[in-house]
Amino acid sequence: MNIGSAFQEFWNSTGVMNFTIGQVIMILVGLVLIYLAIAKRYEPLLLFTIGFGAILANIPIAEISGPEGFLGIFYQAGIANGLFPLLIFMGVGAMTDFGPMIANPKTMLLGAAAQVGIFFALLGALVLNMLPGMTFSLADAASIGIIGGADGPTAIYVTSQLSMRLLGPIAVAAYSYMSLVPIIQPPIIRAFTTKKERVIKMEQLRHVTKLEKMVFPIAALGLCIILLPTATPLIGSLMFGNLAKECGAVDRISDTLQHALINIVTIFLGLAVGSRMESQAFLTFETLGILALGLVAFAIGTMTGLIFAKIMNKVSKEQINPIIGAAGVSAVPMAARVASKVGQEENPQNFLLMHAMGPNVAGVLGSAVAAGILLAVVPVIM
Amino acid sequence: MNIGSAFQEFWNSTGVMNFTIGQVIMILVGLVLIYLAIAKRYEPLLLFTIGFGAILANIPIAEISGPEGFLGIFYQAGIANGLFPLLIFMGVGAMTDFGPMIANPKTMLLGAAAQVGIFFALLGALVLNMLPGMTFSLADAASIGIIGGADGPTAIYVTSQLSMRLLGPIAVAAYSYMSLVPIIQPPIIRAFTTKKERVIKMEQLRHVTKLEKMVFPIAALGLCIILLPTATPLIGSLMFGNLAKECGAVDRISDTLQHALINIVTIFLGLAVGSRMESQAFLTFETLGILALGLVAFAIGTMTGLIFAKIMNKVSKEQINPIIGAAGVSAVPMAARVASKVGQEENPQNFLLMHAMGPNVAGVLGSAVAAGILLAVVPVIM
Amino acid sequence: MNIGSAFQEFWNSTGVMNFTIGQVIMILVGLVLIYLAIAKRYEPLLLFTIGFGAILANIPIAEISGPEGFLGIFYQAGIANGLFPLLIFMGVGAMTDFGPMIANPKTMLLGAAAQVGIFFALLGALVLNMLPGMTFSLADAASIGIIGGADGPTAIYVTSQLSMRLLGPIAVAAYSYMSLVPIIQPPIIRAFTTKKERVIKMEQLRHVTKLEKMVFPIAALGLCIILLPTATPLIGSLMFGNLAKECGAVDRISDTLQHALINIVTIFLGLAVGSRMESQAFLTFETLGILALGLVAFAIGTMTGLIFAKIMNKVSKEQINPIIGAAGVSAVPMAARVASKVGQEENPQNFLLMHAMGPNVAGVLGSAVAAGILLAVVPVIM
Amino acid sequence: MSSIEQGLILMLVGVSVVFIFLVLLVFIIKIMSFIVLRYFPEKEEPPKKPSGGAGSRDAEIAAAIAAATAYSKQ
Amino acid sequence: MSSIEQGLILMLVGVSVVFIFLVLLVFIIKIMSFIVLRYFPEKEEPPKKPSGGAGSRDAEIAAAIAAATAYSKQ
Amino acid sequence: MSSIEQGLILMLVGVSVVFIFLVLLVFIIKIMSFIVLRYFPEKEEPPKKPSGGAGSRDAEIAAAIAAATAYSKQ
Ligand code: NA
Ligand code: NA
Ligand code: NA
């Protein structure tokens, strides 16, 4: 070893000498995600961390996402075993107010209707298999479908259990479309509703008592235990956080779930998800399919939510503004705000936000239930 | 696979079809714990999380407390290895003021006397072996006895080292009785003290300097190192937190131990402890024995604290109000408040709170010392 | 087993009966570190926790730093794999303002010059091998040299990757000298600069825009990826935190990195590093060598920073006050404050703090780069 | 096309169960609200209970200690 | 003394690369600043954008909900 | 009944050691307090030192930077 060969050795270990084209592209993808997070405020917490994780994971030599790398450690600690999304869900539960849903429970059905998008996308993935380069198994298709749940932690949880190889593109699609809701949904809302429907005014929601809010998480978890045990990790975590918030006896827990814990876990989760965006896994034809199917899932979910609202108006005497059906996809609270904004554009006296929050949080339950079904049935019928 | 069989498959995976009666009972037990936490404010942080953990652990199919379930992950990460109770103890140390104890050190002996309950319950467990269905080993008996330490983290730590199978009932007994102290102790206090004793007025405690409070944790840890190394994980963690608080140079550490860290760990610890409440482990005749022995331990500890205070009054000229002997069981700060309240009922001019805090925090040391002895001797003589 | 033998057994398990002289000395070393942390405020967060860890690690019987002990668990969780220093670096990034460096980029070269101390110490370690009892491998020497980086997390990270056996003394040396900067540097500054140089007044730094501060972390990481992938775990973590801070879109992440996360990790890291201070590893002739070499590294780094500043003044027309060259060692922000203070003593109108912050934070990059080189080359040429 | 058939079955089962679940939940909420509102109506402006368990108790104790200490210094 | 030779080589490589790295970074920063200042100058007193993503959105929603609830009680 | 005998022995050892430990601690505290109060009495109202290590230093720096930046903009 002389000086020359030492410099040679160093030069051979530089990035310049070791890049693959795929890694360069993925680093650019990471930069784009960060740009969207910062400049466009698209789900900034997640797209920022996922984007940064993607950059770090595609650095040659460093092996940051390998089993000994620090992103690999995050991955093993909380993605491979599904832990991080559940901790996020505890925090989500502690931040969610189910009051508007309890005040007008029938709007929950809109949160069911909007989940139809999940199953259309699932079917779409299986149909896409007819194209060359697409080889989605049923488990893959189920994971892709859950993008339509419009709920990041649920999508990550399901994918970590069923189809880990697709985690990168699925997470990116889920969070991207969640932040694109203000762009995706308004035209669909206008296309599937009439002006007359959109100006329907809804009466103010009744007051929901503290005790109702406390009994609800227990009741919902009870139903889930009886009917769908495979959804209980998700629904259980959500209701743990929600009961902690509503009961008023454990504010330290509620505060911790909403702040310190969810923030720390978000950092780890985002970086770890980003670390799965290695070029060979991401730069495939299948990723395009996933992005397309994710969009389909969101669009169809929005549509079925709207249509079901119109059907309910046909059946029931109490009229609801069908715009709030679009909020059933979840994407809390973005979709509810979009519904509220579109409603106010039609009629400035129309305050739909609270009414849209009902289907909106019901959509979280709906996609967790759909996740539970997929987790229960897919491994059996495959 | 056709539609019919898919629904059949789904139906077979519902909770309804898979419940055992034991699981149903345990879910009800979990609900009772949550009710006590919320409605009665019995150790809300712990009974809430333990109760919720018990519910989740007893859901059929979901295997949430199994090695791959998220409660199982918490369990492995911090209960099996004793880590979580030690982190809690760091936070307890950072929240404890040993000043009243340093101001009147002889009241520490009351914190020793009240630990006698631990060893009575230990003995009681071995005696109960004569009943059919009770098969407590010496390690089991030691873990049961430590309930009398009236200190949750110590009980969980000892049990995790000696007798993991009993963790569920022991933790529930420990935290339940700690919150029942206001019900358990007053009649015992009144039975074992005379009116004349209960009105004894104690002079105000002297001011304790900052330096004394800083030297104390080092001195106490030093004694523990010399005399009882097996207690140093507990006492060391406690004194780490206490020195961080008192020294004034590391407020970031002290604040973190008291808030972010202890809150996060409490959530994980409670859920993980609850996850050990599976029906086959909890719904046994032995659990009844444990609950009975825990009550015996608390009662005898209270008694011996009171009696020792009366003995001290016989021996010393400086009189102490024997009520504060009851605070020696620890259950910080509940037992000290109970002592203070009973004292004030007898004599409204009687402010015993600070005087009771001395034996109260000494009781924490006392039970940690007892834990160290059990951990040192039990594995050897078994 | 009778009573006598039980007491005998207990007595045999006391600390008194099991101490080695080395353990006693190491406990005293731990106390000294805690004293320095509290009374002298020498890097209090780290020396307090390291000192306490050292005490706990040297308790006989308890095995607290063993694989099953709680310090051993911290060690495995975050030191052995390099995770904790990287998390700290994220927090450091989120607390660092690179503005002064961007305003006057050429002062960055001072942050390069001051890293020469690293390599002198490395060489010194290899020379010391000529003494009996010193057997430093090249990896050992590299880890010792990095003390001169004046950056705790970098030193711990490099040592954890190259020379774990020396972690205790290296970490203690790094943090001790970092806090001794106000004592070490002023005489060297005065010795290597003239009065005339020390009174040089520097013009105010220009305003740096938000966008420049946001592009910088991306640009610096990009360069690191291209040139030195082995440094990307460190630089990547630093720039992750810095971009999170500067971009203004992810304040929850930035706040968490700066507070909850860095505080928790500091506690774990300090205790775990302390746990490596077992007597047989620490009480060696080599430790004295490491302490001496660390001092040499700091002194030479300070010198080369000063000298390079004087050379720059020879070459460039724009004069800089060479005092700020001393800040290039990093030891953020202590070294910058020392430079500022020395400057003001010479000329009360001289406000050097902002000017010294440039080389100061550049020194962090410089030592991370040096770390990357050592990690890239040492394993190859050994 | 067995895989697409599986997908169709999954869709049918999935959509059905999601609706069954949420319909049942609607009924449960209605019953729950009925019972709560009838038998456990909210009292007017309940006095805000101290919450947070250990936290608030510690705070109380701390306040008491502070008070006592201040008192003892007089 | 091969080990000291190795050390010398390491020193040479190390010092060189540290300087190369930071010299390059100086140039990159200068170019970056030039471009940013010329093409993306800072607007005068930009209105403070809401930050914190989910956090602030949640806060908005919470405020909206609170407002709506208060309204509905009148 | 060997197991109960073991329990009795454990009780004896345990109660003894707990008392020995706390009695020793009483003496240690008394000696400690005696020394501290005699040789290191508390000064009247010590000025509150800045605490928190890195935290407060960072804050100082931040303040200095803010001041300097503001100054440089004038
Ligand atoms: Na949804
Ligand atoms: Na106790
Ligand atoms: Na440096």
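Heavy atoms closer than 4.5 Å to chain F are found nowhere in B/Ile253, neither backbone nor side chain. If you measure heavy-atom distances from F/Leu37 to chain B, the contacts under 4.5 Å come from the side chain alone. Heavy atoms of B/Leu109 lying under 4.5 Å from chain F belong to its backbone as well as its side chain. Within the 4.5 angstrom heavy-atom criterion, only side-chain atoms of F/Ile29, from C-beta onward, approach chain B. For B/Cys247, no part lies under 4.5 angstrom from a heavy atom of chain F. At a 4.5 Å heavy-atom cutoff, the contact between B/Gln115 and chain F is made by side-chain atoms alone. Contacts between B/Phe120 and chain F at a heavy-atom distance below 4.5 Å involve backbone atoms as well as side-chain atoms. With a 4.5 angstrom heavy-atom cutoff, B/Ala376 does not touch chain F via any of its atoms. B/Leu365 touches chain F through its side chain: at least one heavy atom from C-beta onward sits under 4.5 Å away, while N, CA, C and O do not. With a 4.5 Å cut-off on non-hydrogen atoms, B/Ala220 touches chain F through its backbone and its side chain both.
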### Query
What's the verdict on side chain to side chain donor-acceptor pair (under 3.5 Å) for B/Ser137 and B/Asp140, showing C-alpha distance, side-chain angles and the deciding distance?
CA-CA 5 Å; B/Ser137 68; B/Asp140 295 340; 3.3 Å; yes
### Working for side chain to side chain contact (heavy atoms under 4.5 Å, CB included), residues B/Lys213 and B/Lys245
CA-CA 10 Å; B/Lys213 288 189 185 178; B/Lys245 174 200 171 208; 5.9 Å; no
### Stepwise side chain to side chain donor-acceptor pair (under 3.5 Å) check, B/Thr135 with B/Glu286
CA-CA 8 Å; B/Thr135 56; B/Glu286 289 185 342; 3.0 Å; yes
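In this structure, F/Phe19 has its ring center under 6.0 Å from that of B/Phe308.
Of the listed residues (F/Leu10, F/Val15, F/Val17), the one with the most heavy-atom contacts under 4.5 Å to chain B is F/Leu10. Between chain F and the residues B/Leu223, B/Leu123, B/Leu126, the most heavy-atom pairs under 4.5 angstrom are made by B/Leu223.
Checked for salt-bridge contact, B/Lys210 and F/Glu42 miss the test: no charged N lies under 4.0 Å from a carboxylate O.
Contacts of B/Ala219 classified as side-chain contact (heavy atoms from CB on, under 4.5 Å), with partners at least two apart in sequence or in another chain: F/Ile28. Every residue two or more places apart in sequence or in another chain that forms a side-chain contact (heavy atoms from CB on, under 4.5 Å) with B/Leu211 is listed here: B/Thr209, B/Val215, F/Val36, F/Phe40.
B/Asp151 and B/Ser367 are not linked by any side-chain donor-acceptor pair at a separation below 3.5 angstrom, with hydrogens and angles left out of the test.
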